[in-house]
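Here is the structure we will look at, set down as structure tokens.
Any value given below was found using the heavy atoms of this structure, including those in side chains, with hydrogens, waters and symmetry copies removed. Position 1 is the first residue of the sequence; numbering continues from there.
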Amino acid sequence: MLRFLVLLILPLVMAAGALVVVPKQFPATVHVDRANARPQTSATSDADIRSLLLDYAWAYARQSSERGKDVAWSLDAAASDAGWDLRLTGPTRKVAEAQLAEFSSGLKAHIATVTSAQRERLTEKERDIAQRLSDLSGLLSAVDAEITNSQVAVNERTPLEELTDTNAATRIQWGQYTELRDRVRSVTASRDALQEAPPIEHAVVDAEARESAYRNHIPLQEDMRHLEIQLFQIQSTMVAIGKEGGDSLNTVLAAAEEIGKLTETAAAENATAAERPLLEQTSEKAAEYHHIATIFAQAWTRDLLRLEELQVDARTAEILRVYDEAAKRIRDFQQDSEQATATLRRRIRALGEQADPNAATQVAQATLVRKAHDLQTAYRTFDRSANELIAQDNYLLDAALQSARGLWQRTQATRRDIDDALEQQAVQRAREERTARIAAMTAEIESTRGDIVTLVDEIKAQSDAAQQIIDRLPAYVIAATAGESARDRRVLLESRANELSQDLADIRVTRDAIVSFDDLAITTTPADNWPQNLETVAGAGLLAWSLGLLLTLGVVRITSKPHA
């Protein structure tokens, strides 16, 4: 029984001793919350707060070591979103909590002391800047008095500016004077040239006014209506005769062409030596006449088409000109035709006298005579139409032509009379207009000369004002120099005062931004009931118990051996 008790108690005693001897660690935490102390300026940054916390923590740790406090420290002042943590470890829970309370109250007092000292330093600097601002205010008052005494107002126009404006106004006035003088010269030259010009003898009449006068002249309008009727009758008669003569003219062309071909063939084939020259001459004459007749026929056709398309106009009487041209061409063609047909008849008759009595020659001669007869007949038919067209055998056309020519001459004479009257009226108006223009120019010259006199007086007044400004310039230069220097110094003083005011405002913002005791929320986390190194303590106890058990077993074994 005794052995069993020793075996049980000794390991327990050794385990308990190990638990007592092994140091225990009871951790506690101080948390500084910066949620309400986030710096608004650079006056108090995270680094500043961390440095403040670390300085106090290490100072407290040194004091604890010097006082022999059995406290182990584990400091963690790293910043996080929540704040900063400082950890301490005591041998017992009671010791750790006591140290925690002492450290927390000391930290609060330390933060309050540091905050007060920082603010006191900033307040001293504020007083210094305020004193410098007061001194600058006195200097500014003195400079303002100097500016006032210089009698140069900052916002008033200076004599130099007044003189510049006066000179500019004078230049404008001289420009106006030059314009007025040039205008007098120009208008005077125009008036003199108009006065010296020769008398107006002719004037241009407006076309609309002329036509209006024609329309309002009743006798002229009556004659033009009659002339239009006669011209229309001439046109219709010429068109009708032209169409009738066109067919006979075609027959003339065909007959002349046949005669030329027959004589040319006879000369080339079966003519004798005596007949051949006469046949060739006849052929050439027929071809020549055919060419003349062709040209006339083309002109005849053109005149006919032109007459059909021509509009009857009593103002131009174009039909009379067309008629005269056509009548001249007809007379020329009649003369050429008479000569050509007579020559052809004479030569054909000579050919008949020289022809052989054989049947072939007689047939050819008869054909040639028949064609000559056709040519003569067709020409006579055309000649009758032509005589009617040139009014030799057409009394109605001749009467219409005579009436139209007479009316045309009378209307032209009436037109000339109207034109002369209109021109005389235009000449009279032009003379009156020239007289009115000369009078207007004379009035403009006199008015402009009056403006020149007024402008010269203004220029003199402006010159006097400029001289007065020049007289004030020396005094202005002296005053302006002093005033300008004072204004420059005032600008510098104002700039320095603004800088100091800004510094003072920055200091006040910095002072207000300093983190104080009221800004930092300090909380503590008490130690747990169990030590932080519970596993280490338990391992040491278990080891001691194991050693004790082994030792006890050894002792028991030794004591239980029998004695030899």
Student check: side-chain heavy atoms of R215 and S212 closer than 4.5 Å:
yes
Applying side-chain hydrogen bond (donor to acceptor under 3.5 Å, both in side chains), name anything that partners R405, two or more places apart in sequence or on another chain.
D324
Report the C-alpha distance between E388 and L397 in whole Å, list the side-chain angles of each, state the deciding distance to 0.1 Å, and finish with yes or no for side chain to side chain contact (heavy atoms under 4.5 Å, CB included).
CA-CA 8 Å; E388 289 184 4; L397 178 59; over 6 Å; no
So K261 and E257, do their side chains get closer than 4.5 Å, heavy atoms only?
yes
What's the separation between atom CD1 in I438 and atom CD in Q195, rounded to the nearest 0.5 Å?
4.5 Å
Distance-only, no hydrogens or angles: does the R347 side chain make a donor-acceptor pair with backbone N or O of Q281 under 3.5 Å?
yes
Side chains of D398 and Q402 only: does a donor on one sit below 3.5 Å from an acceptor on the other?
yes
Answer yes or no: is there a donor N or O on one side and an acceptor on the other, between the side chain of T341 and the main chain of E338, under 3.5 Å?
yes
State, with a plain yes or no, whether a side-chain heavy atom of I330 is found less than 4.5 Å away from one of F296.
yes
Sequence neighbours excluded - ring-ring contact (aromatic ring centres under 6.0 Å, His included) pairs with any residue from residues 448-474
none
Would you compute the distance between atom CD of E325 and atom CG of L320 and round it to the nearest 0.5 angstrom?
11.5 Å
In terms of heavy-atom contacts, I241 and S385 come closest through CG2-O, 3.2 Å
Working note: E318 + R306, criterion side chain to side chain contact (heavy atoms under 4.5 Å, CB included); need CA distance, chi angles, decisive distance, verdict.
CA-CA 11 Å; E318 180 70 13; R306 184 178 178 185; 3.0 Å; yes
Strictly by ring-ring contact (aromatic ring centres under 6.0 Å, His included), give each pair with a member in residues 167-200 just once, sequence neighbours left out.
W174-Y177
Can you tell me how far CZ of R315 sits from CG of L227, rounded to the nearest 0.5 angstrom?
12.0 Å
Residues in side-chain hydrogen bond (donor to acceptor under 3.5 Å, both in side chains) with Q467, at least two apart?
D471
Where the side chain of N387 meets the backbone of D383, is there a donor-acceptor pair that is under 3.5 Å apart?
yes
Check the orientation of W300 and F382. Use parallel for under 30°, tilted for 30 to 60°, and perpendicular for over 60°.
perpendicular
With a 4.5 Å cut-off on side-chain heavy atoms, are Q311 and D313 touching?
no
Would E211 and R415 pass as an ion pair if we require N to O under 4.0 Å?
no
Hey, can you pull the donor-acceptor pairs under 3.5 Å for the side chains in residues 182-191, sequence neighbours left out?
{"residue": "T188", "atom": "OG1", "partner": "V184", "partner atom": "O", "Å": "2.6"}
{"residue": "S190", "atom": "OG", "partner": "S186", "partner atom": "O", "Å": "3.1"}
{"residue": "R191", "atom": "NH1", "partner": "T442", "partner atom": "OG1", "Å": "3.3"}

Partners passing salt bridge (charged side-chain N to carboxylate O under 4.0 Å, His left out) against D303 (at least two apart in sequence or in another chain):
R329
Which heavy atom of A404 sits nearest to which heavy atom of I234, and what is that distance?
CB-CD1, 3.8 Å
Sequence neighbours excluded, the answer for side-chain hydrogen bond (donor to acceptor under 3.5 Å, both in side chains) partners of S236 is none
Please tabulate, for side-chain N and O atoms in residues 283-295, each donor-acceptor pair with protein atoms closer than 3.5 Å (sequence neighbours left out).
{"residue": "S283", "atom": "OG", "partner": "G260", "partner atom": "O", "Å": "3.2"}
{"residue": "Y289", "atom": "OH", "partner": "S337", "partner atom": "OG", "Å": "3.0"}
{"residue": "T294", "atom": "OG1", "partner": "H290", "partner atom": "O", "Å": "2.6"}

Would you indicate whether the side-chain heavy atoms of Y323 and T237 approach each other to under 4.5 Å?
no
Please list all pairs meeting salt bridge (Lys or Arg N to Asp or Glu O under 4.0 Å) that have one or both residues in residues 418-427, counting only residues at least two apart or in different chains.
R210-D419
Hey, does T251 have a side-chain heavy atom less than 4.5 Å from the side chain of D247?
no
All salt bridge (charged side-chain N to carboxylate O under 4.0 Å, His left out) counterparts of R171, not counting sequence neighbours
none
So, are R370 and D374 salt-bridged, with charged N and O less than 4.0 Å apart?
no
Could you give the distance from CD1 (I259) to CG (L344), rounded to the nearest 0.5 Å?
5.5 Å
When every non-hydrogen atom of T282 is compared with those of T263, the smallest separation belongs to CG2-CG2, 3.6 Å
Heavy-atom pair with the smallest gap, counting every atom of Q462 and A169:
NE2-CB, 3.6 Å
Begin from the C-alpha positions of Q468 and D464 and carry the test side-chain hydrogen bond (donor to acceptor under 3.5 Å, both in side chains) through to its verdict.
CA-CA 6 Å; Q468 294 176 2; D464 295 339; over 6 Å; no
Could you tell me which non-hydrogen atom of I348 sits nearest to which non-hydrogen atom of A372, and how far apart they are?
CD1-CB, 3.3 Å
Would you list the pairs meeting salt bridge (Lys or Arg N to Asp or Glu O under 4.0 Å) in which at least one residue belongs to residues 433-446, sequence neighbours left out?
E446-R449
If I take atom CD from residue Q412 and atom CG from residue L220, how far apart are they, to the nearest 0.5 angstrom?
9.5 Å
Any salt bridge between K243 and E308, counting N to O under 4.0 Å?
yes
Sequence-distant partners of R225, side-chain hydrogen bond (donor to acceptor under 3.5 Å, both in side chains), two or more places apart:
E222
Tell me the closest heavy-atom pair linking A209 and L422, and the distance in Å.
O-CD1, 4.3 Å
Starting at CG of L455, measure out to CD of E179 and round the result to the nearest 0.5 Å.
10.0 Å
